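Just so it is clear, the structure is predicted and the values come from calculations on it, not from any experiment.
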Amino acid sequence: MKFSCTKDNIFQGLASVAHLSNKNVNLPILNNVLLRTKAGGVQLTTTNLEIAVHCQARGKVEQEGEFTVPSKLFFDYVNLLPNERVDMEVVGDQLSIICADNKTKMKGMGATEFPLIPPVSEATIFEVDASEFRAALSQTLFSVASNESRPELAGVLFRFKDHLAGPNTLVLATTDSYRLSERVLVMDEVPGVEPTEVIVPARTLQEVGRILGLFRDDVEGPARLKIALGEAQIVFRYGPVEITSRIIDGHYPDYRQIIPRQFKTETTLPREEFLKAIKTASLFSRTGLFDVRLEFDPVSQMLTARSEDVARGENQAVCRTHMQGEGGEVTVNSRYLQEGLNAMDTPDVFVGFNDAMSPCLLRPAGKDGYLYLVMPIKQ
């Protein structure tokens with residue numbers, strides 16, 4: 001194997017794939033990146049057996065072949081090279097690298113030991129706006145369950161062509177049983193395809209979000225993200241990068257039955273002011289419980305956040321609002337509330353409340369497509 005490319009091209013490829021490999025004692029080849037030269041460049045691949053990331057780097061191939069080298073070492077070394085042409089050639093069990101006055105020989109392993117990544121037999125391909133998809137991940141991934149005792153909750157539910165949201169929509173939903181996030185995205189029309197849903201591991205989507213972030217400032221970066229569904233796998237394609245992952249086998253809970261459609265009390269208030277009140281109250285919430293009591297008072301048009309801790313003292317923060325309804329009180333987790341408010345980007349936020357035993361619903365005021373639900377802490 002012998003090829004040349006610019007330092008920028010090989011560095012961008014490594015930045016896309018090297019993150020996935022980790023220190024695996026039982027299977028050392030997983031610490032390596034697979035280099036496979038093809039016409040027009042080199043394909044870089046890493047895998048942790050659940051996820052595989054490929055990236056195509058443009059270059060001039062003089063001799064086709066494949067080889068693996070430690071991905072972190074290779075990435076760190078290339079990062080320090082000058083912005084010049086990089087010549088690489090496999091000699092014996094080493095990769096020779098020459099860039100300007102820099103020369104090195106990096107020991108590697110044969111590609112035959114690298115795990116085979118079977119191609120996905122794609123039945124359907126969907127397309128969404130890449131920046132919108134990245135925003136949707138930031139609004140949903142934080143409420144994925146961290147405990148994998150229920151594997152389906154460790155993933156994100158993808159509903160393609162959702163019957164409630166519309167025929168050309170993709171709905172992303174997450175819940176850890178204490179809060180729930182749902183984001184609706186518009187996707188390109190795919191005629192002749194029935195509505196379908198899959199559960200994608202959160203770790204896969206963290207990797208997709210990281211890749212989209214890498215190309216965020218690239219003016220030549222593609223605007224669309226392609227999502228292909230196979231029988232038990234899902235593939236995300238963005239420019240030269242392709243991420244293949246398994247799908248979680250299981251049934252996602254019917255979360256929509258707990259989303260309230262009507263409220264006894266409704267209010268809209270400035271998001272930053274509400275967030276500041278909750279942050280202040282959280283300083284005096286009970287350790288481990290993070291409880292804050294919200295008091296809705298439609299007479300005074302005020303929403304009050306109260307907290308009290310025997311060791312720290314007590315606090316009350318008042319937000320003046322536009323409120324209608326019966327009013328009342330509910331106790332919620334302040335950390336969960338802050339994370340939901342941080343996921344919204346509108347100046348004002350809508351809050352819907354029924355009673356102390358029912359969840360509170362938050363959504364960006366004047367902007368459809370996202371909702372966040374916080375379950376009450378039962379006293």
Only counting residues at least two apart or in another chain, list the ones meeting side-chain hydrogen bond (donor to acceptor under 3.5 Å, both in side chains) with Asp87.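 Applying side-chain hydrogen bond (donor to acceptor under 3.5 Å, both in side chains) to Asp87 gives Ser4, Arg85.
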
Under a 4.5 Å side-chain heavy-atom rule over Ile, Leu, Val, Met, Phe, Trp and Tyr, are [X] and [Y] clustered together?
X	Y	result
Val156	Tyr252	no
Val33	Val78	yes
Phe350	Met344	no
Met323	Phe353	yes
Leu141	Ile51	yes

Are [X] and [Y] within salt-bridge range, i.e. N to O under 4.0 Å?
X	Y	answer
Asp309	Arg286	no
Glu295	Arg293	yes
Glu273	Lys276	no
Asp368	Arg363	no

Should Ser285 and Ser307 be marked as a side-chain hydrogen bond (donor to acceptor under 3.5 Å, both in side chains) after you check the CA-CA gap, both sets of side-chain angles, and the distance that decides it? CA-CA 5 Å; Ser285 61; Ser307 56; over 6 Å; no

Please assess Cys360 against Val330 for the test side chain to side chain contact (heavy atoms under 4.5 Å, CB included), listing each intermediate value before the final yes or no. CA-CA 8 Å; Cys360 280; Val330 64; 3.7 Å; yes

Are any of the side-chain heavy atoms of [X] and [Y] separated by less than 4.5 Å?
X	Y	value
Phe133	Leu172	yes
Val144	Asp176	no
Glu326	Phe296	no
Ile125	Val190	no
Thr175	Leu153	yes
Asp162	Pro195	no
Pro364	Val349	no

Grab the two heavy atoms, one from [X] and one from [Y], that are nearest each other, plus how far apart they are.
X	Y	value
Leu44	Gly13	CD1-CA, 4.2 Å
Val61	Phe3	CA-CB, 4.0 Å
Leu20	Thr47	CD2-CA, 3.9 Å
Met375	Val332	O-CG1, 4.2 Å
Leu185	Glu132	CD2-O, 3.6 Å
Pro359	Leu373	CB-CG, 3.8 Å

With a 6.0 Å cut-off on ring centres, are Phe215 and Tyr238 close enough?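 Yes, ring centres under 6.0 Å apart.
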
Less than 6.0 Å separating the ring centroids of Tyr336 and Tyr372?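 Ring centres of Tyr372 and Tyr336 not closer than 6.0 Å.
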
With no hydrogens and no angle check, just 3.5 Å: does a side-chain donor-acceptor pair link [X] and [Y]?
X	Y	answer
Thr346	Asp348	no
Thr6	Asp8	no
Thr46	Ser71	no

Hey, does the side chain of [X] reach the backbone of [Y] with a donor-acceptor pair shorter than 3.5 angstrom?
X	Y	value
Thr68	Met109	yes
Lys161	Val193	yes
Gln139	Ala343	yes
Asn354	Lys264	yes
Lys7	Leu81	yes
Thr37	Gly65	yes
Asn9	Gln12	no

Straight-line distance of [X] [atom1] to [Y] [atom2], nearest 0.5 Å:
X	Y	atom1	atom2	answer
Phe274	Leu303	CZ	CG	5.0 Å
Leu27	Leu49	CG	CG	6.0 Å
Ser16	Glu242	OG	CD	12.5 Å
Leu205	Thr174	CG	OG1	10.5 Å
Gln338	Asn333	CD	CG	9.0 Å
Ile227	Arg237	CD1	CZ	11.5 Å

With sequence neighbours excluded, residues passing ring pair (Phe, Tyr, Trp, His ring centres under 6.0 Å) with Tyr370: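 In terms of ring pair (Phe, Tyr, Trp, His ring centres under 6.0 Å), with neighbours along the sequence ignored, Tyr370 is linked to no residue.
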
Under the ring pair (Phe, Tyr, Trp, His ring centres under 6.0 Å) test, which residues partner Phe74, sequence neighbours left out?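 For Phe74, no residue satisfies ring pair (Phe, Tyr, Trp, His ring centres under 6.0 Å) once neighbours in sequence are set aside.
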
Which is it for Ile243 and Val235 under the side chain to side chain contact (heavy atoms under 4.5 Å, CB included) test, yes or no, and what are the steps along the way? CA-CA 6 Å; Ile243 301 172; Val235 180; over 6 Å; no

Determine whether Arg134 and Asp129 satisfy the following criterion, salt bridge (charged side-chain N to carboxylate O under 4.0 Å, His left out), listing intermediate values before the conclusion. CA-CA 9 Å; Arg134 182 167 174 263; Asp129 182 275; over 6 Å; no

Carefully, step by step, assess Leu362 and Leu371 under the rule side chain to side chain contact (heavy atoms under 4.5 Å, CB included). CA-CA 6 Å; Leu362 286 77; Leu371 65 83; over 6 Å; no

Pairing residues for Ser138 by the side-chain contact (heavy atoms from CB on, under 4.5 Å) criterion, not counting sequence neighbours: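 side-chain contact (heavy atoms from CB on, under 4.5 Å) list for Ser138, sorted by chain: empty.
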
Inter- and intrachain pairs under salt bridge (charged side-chain N to carboxylate O under 4.0 Å, His left out), touching residues 91-120, at least two apart: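 Matches after skipping sequence neighbours: none remain.
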
Please step through salt bridge (charged side-chain N to carboxylate O under 4.0 Å, His left out) for the pair Arg271 and Asp345, ending with a clear verdict. CA-CA 9 Å; Arg271 186 179 64 88; Asp345 58 1; over 6 Å; no

Taking only distance into account, with no hydrogens and no angle test, what donor-acceptor pairs under 3.5 Å do side-chain atoms of residues 314-322 form with protein atoms, sequence neighbours excluded?
residue: Gln316; atom: OE1; partner: Arg306; partner atom: NH1; Å: 2.3
residue: Gln316; atom: OE1; partner: Arg306; partner atom: NH2; Å: 3.2
residue: Thr321; atom: OG1; partner: Thr267; partner atom: OG1; Å: 3.1

I would like to know whether Glu64 and Met1 meet side chain to side chain contact (heavy atoms under 4.5 Å, CB included); could you show each step before the answer? CA-CA 5 Å; Glu64 291 192 354; Met1 187 180 74; over 6 Å; no

